[in-house]
Amino acid sequence: MQRALIASYRLLKGDPLIQQGVKMLSTLPGWKHVSQPHASASRPGTCCAAINESMPSIRASMKRACPGLPTSPFHLPLHPTSSSSPRRRGDTTLVRFKGSTPSPDSTPSTPSTPSTSPISPLPPAPGALAPLAPVLLAVAVACCGSFAFGFNLGVINGPLEAIARELGFAGNQALMGAVVSSTLAGAALGSLAGGAVADSLGRRASFLLAALPMAAGPLLSAGAGDFGGMTAGRFLTGAAIGLSSALVPTYISEVAPTRIRGTLGTLNQLSICAGILAALLANVALPAEQWRSAFRLAALPAVLLGAGMLLGPESPRWLASRHRDAEAAAAARRLWGPSGPAELDTSRPAAVAAAAAGTGRAAAADVGGTAPGIAVVQSGGLAALSGPAAKPLLIGMALFAFQQFAGINALVYFSSSVFRQAGVSSDTLASAAVGATNVVGTLLAAGLMESAGRKQLLVNSFMGQAACMFLMAAGFSLPALQPHAGTLAVVGTLGYILAFALGAGPVPATIVPELNPLSTRGKAVSAAFVSHWICNVAVGQAFMGAVQAMGLAPVYGCFGLVALAGAAFVRRMVPETKGKTLEQIEAELRSGGKTV
């Protein structure tokens with residue numbers, strides 16, 4: 001029996017839960033009888049009897065230490081039959097189970113027949129065997145918010161001049177710009193308020209709240225009779241976009257199994273790209289004068305989001321953070337199958353073991369002192385965005401600042417002019433090429449997220465963006481390359497978009513929820529997206545003025561330098577999160593350890 005247990009322990013010693021259980025068993029009464037020699041061969045059941053006597057206390061201790069571990073009744077036969085008689089070597093009784101491999105210091109023996117007593121297996125790793133359909137459905141519903149994000153940003157571009165003519169402000173560039181920028185202003189305010197809403201009301205209720213203005217805004221714009229009505233509708237739409245932009249990656253990170261969390265996180269960016277492409281197709285299919293129909297279509301994703309969340313599950317981790325353990329277990333079971341509740345229990349000892357192994361026992365003790373089912377919970381409120389929570393908060397804001405100041409939106413805004421210089425006169429074709437490249441790159445990133453890791457994708461992405469910016473700057477400024485400037489601009493633009501889609505586009509929204517602790521995750525993700533929107537507006541407002549003052553080549557050179565700085569920042573400051581539970585990441589960051 002002892003050798004079988006030791007063999008099993010060696011096979012499973014990489015699991016922190018198994019390590020904890022074996023260490024506990026070694027201190028319990030009765031365990032020492034397993035290795036004690038038997039005084040007489042006539043008492044072969046002594047060891048089994050001792051274990052049977054100790055099993056009630058063993059089960060009780062294991063239940064207290066590992067709430068997620070099944071502890072069904074277990075009984076060893078006291079008098080083995082001839083087919084299962086143990087082989088005695090010297091004066092020590094050994095029991096080998098059927099199908100086991102004898103140890104090097106033992107001789108072959110007749111395989112024993114296993115006991116018919118029920119022995120409950122350990123639960124599988126969360127998400128390892130559970131069907132993915134419930135998780136994929138929940139993620140797809142959440143991504144309706146991202147799709148609406150992209151569609152509402154893109155739907156205004158094609159018919160803007162037709163809208164201005166019909167509503168009476170044709171030729172007024174300031175008012176036309178206000179129609180576009182009102183969406184961005186609303187998004188910034190929505191992101192600012194989204195964190196507090198998500199942390200207080202929960203993810204599901206916040207989605208339902210965001211779905212209302214997300215549907216009402218486009219419908220208000222569709223029925224607008226003047227500039228004021230159009231602007232009000234766009235602002236309301238922007239507020240909903242800002243709220244959902246922080247909610248979607250947070251929700252995905254909390255409902256996705258660890259092994260595919262990064263892949264599912266890229267669906268947020270992919271849905272935004274799909275929404276932009278869908279808006280482009282709508283503008284191609286519908287004449288500009290039918291812009292009201294296009295805005296009505298923009299309300300459909302919001303309706304799907306609201307209907308799906310009415311029937312969808314709440315985040316189990318958010319429920320656990322509110323000490324609603326029964327609801328958390330039910331939501332986990334619904335998402336991850338019968339073994340789902342173990343996600344909330346087994347992640348806690350895993351986080352303890354990771355903190356102990358990587359950063360010291362004090363940190364592990366701090367993590368281990370939390371309540372079962374809530375791996376690491378800090379005090380809520382804005383005051384919590386300090387101390388251990390400050391670093392991931394600042395990392396998230398910095399990542400989105402680098403993303404925007406590396407020039408992504410400026411390049412997209414200017415892409416039509418770049419393609420015209422290369423002889424492509426159709427703005428629609430230029431936009432389609434940029435959008436298709438973005439989608440292809442995001443799909444590639446989804447496949448690489450769990451193998452290459454978030455950090456490597458980010459570094460490579462920023463380096464690729466810098467190279468493309470420097471290539472285009474050289475084409476615009478160096479006389480030897482002037483004859484090929486148009487071709488280099490197209491190649492550089494598409495290469496930049498591809499590099500962006502492979503890392504700087506999808507990774508920040510994926511990694512920011514992973515890095516921030518549960519108690520402040522909503523607020524921290526919200527703050528990161530406020531940084532995104534503010535930097536987005538700043539680049540959009542300053543770009544054309546900078547080009548007129550300095551020229552296009554120097555501006556692109558500055559964007560390339562920012563991208564290089566972003567790569568250096570990621571390499572030095574951003575930890576890797578692939579393959580780790582959210583609780584394990586949180587424990588390592590709280591204890592001051594560096595995740596590599």
Side-chain angles (χ1 to χ4, degrees), residues 141-156 178-221 230-253 268-269 271-272 275-276 279 295 298-299 301-306 309 315 318 382 385 393 396-397 400-401 403-404 409 508-509 512-513 516 520-541:
V141 170
C143 284
C144 289
S146 301
F147 185 90
F149 178 166
F151 193 95
N152 281 288
L153 287 183
V155 74
I156 192 69
V179 170
V180 175
S181 61
S182 61
T183 306
L184 301 180
L189 290 178
S191 294
L192 186 63
V197 172
D199 284 342
S200 59
L201 298 182
R203 319 313 190 205
R204 181 170 168 268
S206 298
F207 272 120
L208 293 173
L209 182 63
L212 295 177
M214 193 180 290
L219 294 178
L220 181 59
S221 295
M230 172 59 67
T231 305
R234 295 296 292 170
F235 181 85
L236 192 61
T237 302
I241 288 175
L243 179 57
S244 68
S245 65
L247 275 172
V248 174
T250 301
Y251 182 78
I252 292 176
S253 71
N268 174 55
Q269 180 69 16
S271 299
I272 295 174
I276 295 173
F295 277 98
V303 173
L304 293 176
L305 176 64
M309 281 297 164
S315 161
W318 181 84
L382 291 175
L385 298 180
L393 169 68
M397 297 179 69
F400 278 108
Q403 180 197 72
Q404 293 301 308
N409 284 312
V512 170
N516 284 278
T520 60
R521 185 171 295 141
K523 297 180 183 68
V525 175
S526 177
F529 274 93
V530 169
S531 171
H532 167 274
W533 291 112
I534 290 176
C535 295
N536 187 324
V537 173
V539 172
Q541 294 297 319

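Along the sequence shown, the residues carry numbers beginning at 1.
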All side chain to side chain donor-acceptor pair (under 3.5 Å) counterparts of Ser253, not counting sequence neighbours | none
Salt bridge (Lys or Arg N to Asp or Glu O under 4.0 Å) involving Arg204 - partner list, sequence neighbours excluded = none
With Phe295 via ring pair (Phe, Tyr, Trp, His ring centres under 6.0 Å) - residues at least two apart | Trp291
Measure the spacing between OG of Ser315 and CG of Leu247 and express it to the nearest 0.5 Å.
-> 11.0 Å
For Phe147, all residues meeting ring pair (Phe, Tyr, Trp, His ring centres under 6.0 Å), sequence neighbours excluded | none
Measure the spacing between CG of Asn536 and OG of Ser531 and express it to the nearest 0.5 Å.
-> 10.5 Å
Taking all atoms of both residues into account, what is the closest heavy-atom pair of Gly154 and Ala279, and its distance?
-> C-CB, 3.6 Å
Ring pair (Phe, Tyr, Trp, His ring centres under 6.0 Å) with Phe400: which residues, sequence neighbours excluded?
-> Phe529, His532
Name all residues meeting the side-chain contact (heavy atoms from CB on, under 4.5 Å) criterion together with Cys144; count only those two or more places apart in sequence or in a different chain, and write none if there are none.
-> Leu304, Leu305
Nearest heavy atoms of Ser182 and Thr231, plus distance in Å | CB-CG2, 3.7 Å
Taking only residues at least two apart or on different chains, which pairs with a member in residues 234-243 satisfy side chain to side chain donor-acceptor pair (under 3.5 Å)?
-> Thr183-Arg234
Report the distance from atom CG of Leu243 to atom CD1 of Ile241, rounding to the nearest 0.5 Å.
-> 11.0 Å
Heavy-atom pair with the smallest gap, counting every atom of Ala215 and Ala302 = N-CB, 3.5 Å
Minimum heavy-atom distance Val525-Ala246, with the two atoms named = CG1-O, 3.4 Å
For residues 189-211, the ring pair (Phe, Tyr, Trp, His ring centres under 6.0 Å) pairs (sequence neighbours left out) are Phe207-Tyr251
When rounded to the nearest 0.5 angstrom, what distance separates OG1 in Thr520 from CG in Leu393?
-> 7.5 Å
How close do Ala148 and Met214 get, heavy atom to heavy atom, and via which atoms?
-> CB-SD, 3.5 Å
Apply side chain to side chain donor-acceptor pair (under 3.5 Å) to Ser206 and list each qualifying residue two or more places apart in sequence or on a separate chain.
-> none
Side chain to side chain donor-acceptor pair (under 3.5 Å) partners of Trp318, counting only residues at least two apart | none
Kindly indicate whether the side chain of Phe235, heavy atoms from C-beta on, has any atom under 4.5 Å from the side chain of Leu189.
-> yes
Between Ile252 and Pro513, is any pair of side-chain heavy atoms under 4.5 Å apart?
-> no
If a pair satisfies salt bridge (charged side-chain N to carboxylate O under 4.0 Å, His left out) and one of its residues is in residues 205-214, list it, with sequence neighbours excluded.
-> none
State, with a plain yes or no, whether a side-chain heavy atom of Asn152 is found less than 4.5 Å away from one of Pro218.
-> yes
So which heavy atom on Ala210 is nearest to which on Ala240, and how close?
-> O-CB, 3.6 Å
State which residues pass side chain to side chain donor-acceptor pair (under 3.5 Å) with Asp199; sequence neighbours excluded, sorted by chain then number.
-> Arg203, Lys523
